[in-house]
Student: 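Can you read through this structure? Questions will come right after.
So that the names make sense, note that chain A is the first sequence line, chain B the second, and so on, each numbered from 1. Please read all numbers here as calculations on a predicted model, not as lab measurements.
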Amino acid sequence: MTLRVYNTLGGEKQLFEPIEAGKVRMYVCGPTVYDYCHIGHARSVVVFDVIARYLRRRGFEVTYVRNFTDVDDKIIRRANETGQDPGVLAARFIEAFYTDMDALLVERADHEPKVTEFIQPIIDLVQRLVQRGNAYTVDGDVYFDVTTFESYGKLSGRRLEDMEAGARIEVDQRKRHPHDFALWKAAKPGEPAWDSPWGRGRPGWHIECSAMSSTLLGDTFDIHGGGKDLIFPHHENEIAQSEAASGRPYVKYWLHNGFVNINHEKMSKSLNNFLMIRDVLQRHYPEAVRMFLLSSHYRSPIDFTPEAMAEASAKLTRVYTLLRRLTGRTPAAADKVDGSPFWHRFTAEMDDDFNTAAGIGTLFEAVRATNQLLDAGNADQGEIALNHGAILRMGQVLGIATGDAEAYFKSQARDIDPARVEDLIARRTAARKARDWAEADRLRDELTAMGVAIEDRPEGTVWRMAD
RNA sequence: GGCGGCAUAGCCAAGUGGUAAGGCAGCGGCCUGCAAAGCCGUUAUUCUCCGGUUCGAAUCCGGAUGCCGCCUCCA
């Protein structure tokens, strides 16, 4: 089986062949920590979380780096607005990042570097670029000269001459070329600053990713990921810096995830419709959010709407309903999953550019097949156990339905007293035993009014919150 | 102006040359005291439109229309 990935560099699906056999080194652009993370951050982080999980499941030894940009214009501006220390502000939102992402069941990366911890490698890199003639100094700033890097534009498919530089923003006249960008910025009074050969200053935007990735992964590595918006200028500039400095290819495969729209609109400052993860999690179960995020291909735009989330929740409930049905009945044959046709199909789909949407389709085929077997009663327990194992493993890769089924259903009960529910169910069971259908139905109506749905099973009555 | 993407059933969404996955909703049935859950059947002779290539196209090519993104330190 072969893994194919869509490489932004080249604009096509390509056979994935790691630089070093059996090992994958990947770097994903993390957040600039000046505010809480929104649902768009969640998509990027969850998508690459699943990619890392799948690559590991597939047997690769993965080194995963996801950074924090903790010194930056936006952080300084926000700190000034609110009268805080930029460092304190950044630290607070790094903590908030972990709160949100832990809630979303995102696994930690192997390295989670902060820019402020990599100042020296950044200075070294800028210095090398100056020495090699790719950068020049102006008033304590250092700029990268884009005309010295002949393949500038190869990632985003642009040519310098085609771009209307300065069409929408004023060009700093001190720059030699409108697209030259800052590697190092002279610090204004009160801003975070470090000593450098060019005076007190701080890193420009793009340089930190080049420095951190090369320090932790080497000059050339396998996968670099991030949101589509980072293709230009951020990743284009990273390539220019890194390849100019090392003389070697920077990244073999560039992966970019699509955006999340909110009720058919782009999230934007002007619309002020940024949807924060913490707010989403007030209303929705974390795995339902992952189900929503992974139900479309990672490169497609997706639309966050109440309907879409309701659907994602319903899908998650369907999986958990089966898992609850299996609880204490047929244990999963975890060690035999490699032989499962469902797992086999799932891997083929994930091998095709991490097609989680198709993979989830297979997950549901496995769910239906297993329900069928359970309905049949006299079915082969081995097949049920195998399906059970495959469903759990698919869930582990996706980070969906990884918890205890009973706990899932109980967690949905926010304002409900479980003891009262159990009491009503017990009374109804007694009424049913006495064939007092009127009383049984009255008790069920009472539960329904509470938002509780019940299911009479051979083993007894179970309940959950109605959708 | 430059670059790129997308248009598949009521809704969401896979499918990149071989005859339309999956989920939600709907309808009919089985099961059930009645339900719920589950299962079965049904729901696109068809993939925005028009041409073309091919034995064969949702899938490739050309054109049209519509929507969207990037070129603004927005994931």
Student: Test for a donor-acceptor pair under 3.5 Å between the base of B/rG33 and the side chain of A/R432, counting only N and O atoms.
Tutor: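 Indeed there is one.
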Student: Classify A/H297 by what it touches in the nucleic acid, base, sugar-phosphate, or nothing, heavy-atom distance under 4.0 Å.
Tutor: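 Sugar-phosphate only.
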Student: For the side-chain hydrogen bond (donor to acceptor under 3.5 Å, both in side chains) test, which of A/R174, A/R176, A/K175 pairs with A/Y143?
Tutor: A/R174
Student: Using 0.5 Å steps for rounding, measure from the CG atom of A/N67 to the NZ atom of A/K114.
Tutor: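 Separation between the atoms: 10.5 Å.
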Student: Within the sub-3.5 Å range, which N or O atoms of nucleotides 57-62 of chain B have a protein N or O partner, and how far apart are they?
Tutor:
none

Student: Is there a donor and acceptor pair closer than 3.5 Å between the side chain of A/D441 and the base of B/rG33?
Tutor: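 Indeed, a donor on one side and an acceptor on the other fall under 3.5 Å apart.
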Student: Sort out the partner of B/rG28 for me: Watson-Crick or G-U wobble, both distances under 3.5 Å, none otherwise.
Tutor: B/rC40
Student: Distance check needed: B/rA35 P versus A/L424 CG, whole Å only.
Tutor: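 For the pair A/L424 CG and B/rA35 P, the rounded distance is 22 Å.
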Student: Between A/R43 and A/F259 (side chain of the first, backbone of the second, donor and acceptor by atom type, cut-off under 3.5 Å), is there such a pair?
Tutor: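 Side chain of A/R43 to backbone of A/F259, a donor-acceptor pair under 3.5 Å: yes, one is there.
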Student: May I ask you to decide if A/A358's main-chain N or O and A/N355's side chain share a donor-acceptor pair within less than 3.5 Å?
Tutor: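 Confirmed, A/N355 side chain pairs with A/A358 backbone.
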Student: Could you tell me the Watson-Crick or G-U partner of B/rG66, where both distances fall under 3.5 Å? Say none if there is no partner.
Tutor: B/rC6
Student: On a whole-Å scale, what distance lies between the P atoms belonging to B/rC39 and B/rG52?
Tutor: 46 Å
Student: Check every strand shown and say whether A/F259 touches a base, only sugar-phosphate, or nothing at a heavy-atom separation below 4.0 Å.
Tutor: base
Student: Does the B/rC68 base have a donor-acceptor partner in the side chain of A/K266 within less than 3.5 Å?
Tutor: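 Answer no: no donor N or O sits under 3.5 Å from an acceptor.
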Student: Report yes if a side-chain nitrogen or oxygen of A/T448 is closer than 4.0 Å to either non-bridging phosphate oxygen (OP1 or OP2) of B/rA36; otherwise report no.
Tutor: no
Student: Determine yes or no for a side-chain-to-main-chain donor-acceptor pair under 3.5 angstrom, with A/S44 supplying the side chain and A/H41 the backbone.
Tutor: no
Student: Checking the side chain of A/K154 only, and the main-chain atoms of A/L9 only, is there a donor and an acceptor separated by less than 3.5 Å?
Tutor: no
Student: Of A/Y98, A/Y34, A/F93, which is the lone residue that meets ring-ring contact (aromatic ring centres under 6.0 Å, His included) with A/F68?
Tutor: A/Y98
Student: Which nucleotide sits closest to the side chain of A/R444: B/rC34, B/rC71, B/rC24?
Tutor: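 Between B/rC34, B/rC71, B/rC24, the one nearest the side chain of A/R444 would be B/rC34.
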Student: Describe the nucleic acid contact of A/I231 in one word from base, sugar-phosphate, nothing, applying a heavy-atom distance below 4.0 Å.
Tutor: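 Counting heavy atoms under 4.0 Å across all strands, no contact is made by A/I231.
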Student: I'd like the P distance from B/rG33 over to B/rU43, given in whole Å.
Tutor: 32 Å
Student: Can you check whether A/V319 reaches A/E287 side chain to side chain, under 4.5 Å on heavy atoms?
Tutor: no
Student: Would you say the side chain of A/R43 and the base of B/rA75 hold a donor-acceptor pair, judged only by whether the two atoms sit under 3.5 Å apart?
Tutor: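 By the distance-only test, no, there is no pair.
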Student: For A/N371, answer base if it contacts any base atom (sugar-phosphate contacts may also be present), sugar-phosphate if it contacts only those atoms, and nothing otherwise; contact means non-hydrogen atoms under 4.0 Å.
Tutor: sugar-phosphate
Student: Can you name the nearest heavy-atom pair linking A/T330 to A/H388, along with the distance?
Tutor: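 Here A/T330 and A/H388 meet closest at O-ND1, 2.8 Å.
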Student: Quick one: label A/G258 by what it contacts on the DNA or RNA (base, sugar-phosphate, nothing), any heavy atom closer than 4.0 Å.
Tutor: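 Answer is base: heavy atoms of A/G258 come under 4.0 Å of a base.
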Student: If you check every side-chain atom of A/L230, which of B/rA75, B/rA37, B/rU16 has the closest atom?
Tutor: B/rA75
Student: Should B/rU45 form a Watson-Crick or G-U wobble pair with both distances under 3.5 Å, which nucleotide is its partner?
Tutor: none
Student: Return the value, rounded to whole Å, for the distance between atom OH of A/Y320 and atom P of B/rA36.
Tutor: 25 Å
Student: Please determine whether the number of non-hydrogen atoms from other residues, nucleotides or ligands lying under 6.0 Å from atom CD of A/E12 exceeds 12.
Tutor: yes
Student: Mind checking A/S268 for me? I need base, sugar-phosphate or nothing, with any heavy atom below 4.0 Å counting as a touch.
Tutor: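 Result for A/S268 = nothing.
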Student: Could you tell me how far B/rC73 sits from B/rC68 if I compare only their P atoms? Round to whole Å.
Tutor: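 Straight-line distance between the two P atoms is 23 Å.
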Student: Take A/W437 and A/K185, find for each the nucleotide of RNA chain B with the closest heavy atom, and name the residue whose nucleotide sits nearer the 5' end.
Tutor: A/W437
Student: Quick one: A/L316 CG to B/rG23 C1', roughly how many Å, whole number?
Tutor: 12 Å
Student: Taking only the P atom of each, what is the distance from B/rG41 to B/rA58 in whole angstrom?
Tutor: 25 Å
Student: Answer yes or no: is there a donor N or O on one side and an acceptor on the other, between the side chain of A/D70 and the main chain of A/T116, under 3.5 Å?
Tutor: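 Checking the backbone N and O of A/T116 against the side chain of A/D70, a donor-acceptor pair under 3.5 Å is found.
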Student: Please give, in whole Å, the distance from B/rA36 P to A/D456 CG?
Tutor: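 That distance rounds to 11 Å.
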Student: Is the backbone N or O of A/L155 less than 3.5 Å from a side-chain atom of A/E236, with the two atoms forming a donor-acceptor pair by type?
Tutor: yes
Student: Taking B/rC60 as the reference, what is the distance to B/rC47 when you measure between their P atoms (whole Å, please)?
Tutor: 15 Å
Student: Scan A/N261 against the nucleic acid and name what it touches under 4.0 Å (heavy atoms): base, sugar-phosphate only, or nothing.
Tutor: nothing
Student: Please give the distance between the C1' atoms of B/rA14 and B/rC55 as a whole number of Å.
Tutor: 28 Å
Student: If you take any heavy atom closer than 4.0 Å to RNA chain B, which residues from residues 97-107 of chain A end up in contact?
Tutor: none
Student: What verdict does the side chain to side chain donor-acceptor pair (under 3.5 Å) test give for A/D49 and A/Y64, after you've listed the backbone C-alpha separation in whole Å, the side-chain angles of each residue and the deciding distance to 0.1 Å?
Tutor: CA-CA 9 Å; A/D49 177 56; A/Y64 180 17; over 6 Å; no
Student: Classify the side-chain pair A/Y250/A/S213 by whether it contains a donor and acceptor separated by less than 3.5 Å.
Tutor: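 Note: A/Y250 and A/S213 side chains meet the donor-acceptor criterion.
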Student: Report each atom pair, protein N/O against N/O of nucleotides 19-22 of chain B, whose distance is under 3.5 angstrom.
Tutor:
unit_1 : atom_1 : unit_2 : atom_2 : d
B/rA21 : O3'    : A/E365 : OE2    : 3.4
B/rA21 : O2'    : A/R345 : NH2    : 3.2
B/rA21 : O2'    : A/E365 : OE2    : 2.3
B/rG22 : OP1    : A/R368 : NH2    : 3.0

Student: Let me spell it out: for each of A/H41 and A/R428, pick the nucleotide of RNA chain B with the closest heavy atom. Which residue's pick is nearer the 5' end?
Tutor: A/R428
Student: If I pick the P atom on B/rC67 and the same atom on B/rU72, what distance separates them, to the nearest angstrom?
Tutor: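 Looking at atom P only, B/rU72 and B/rC67 are 24 Å apart.
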Student: When we call it a touch if two heavy atoms are under 4.0 Å apart, what does A/V462 touch: a base, just sugar-phosphate, or nothing?
Tutor: nothing
Student: For nucleotides B/rC49 and B/rU54, find the distance between their P atoms and express it as a whole number of Å.
Tutor: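 Result for the P pair: 23 Å, nearest Å.
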Student: Separation of A/K154 atom NZ from B/rC71 atom C1', in whole Å?
Tutor: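 So the two atoms are 20 Å apart, to the nearest Å.
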Student: Which nucleotide wins on minimum distance to the side chain of A/E455, given the candidates B/rA13, B/rA37, B/rC74?
Tutor: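 From the listed options, B/rA37 comes nearest.
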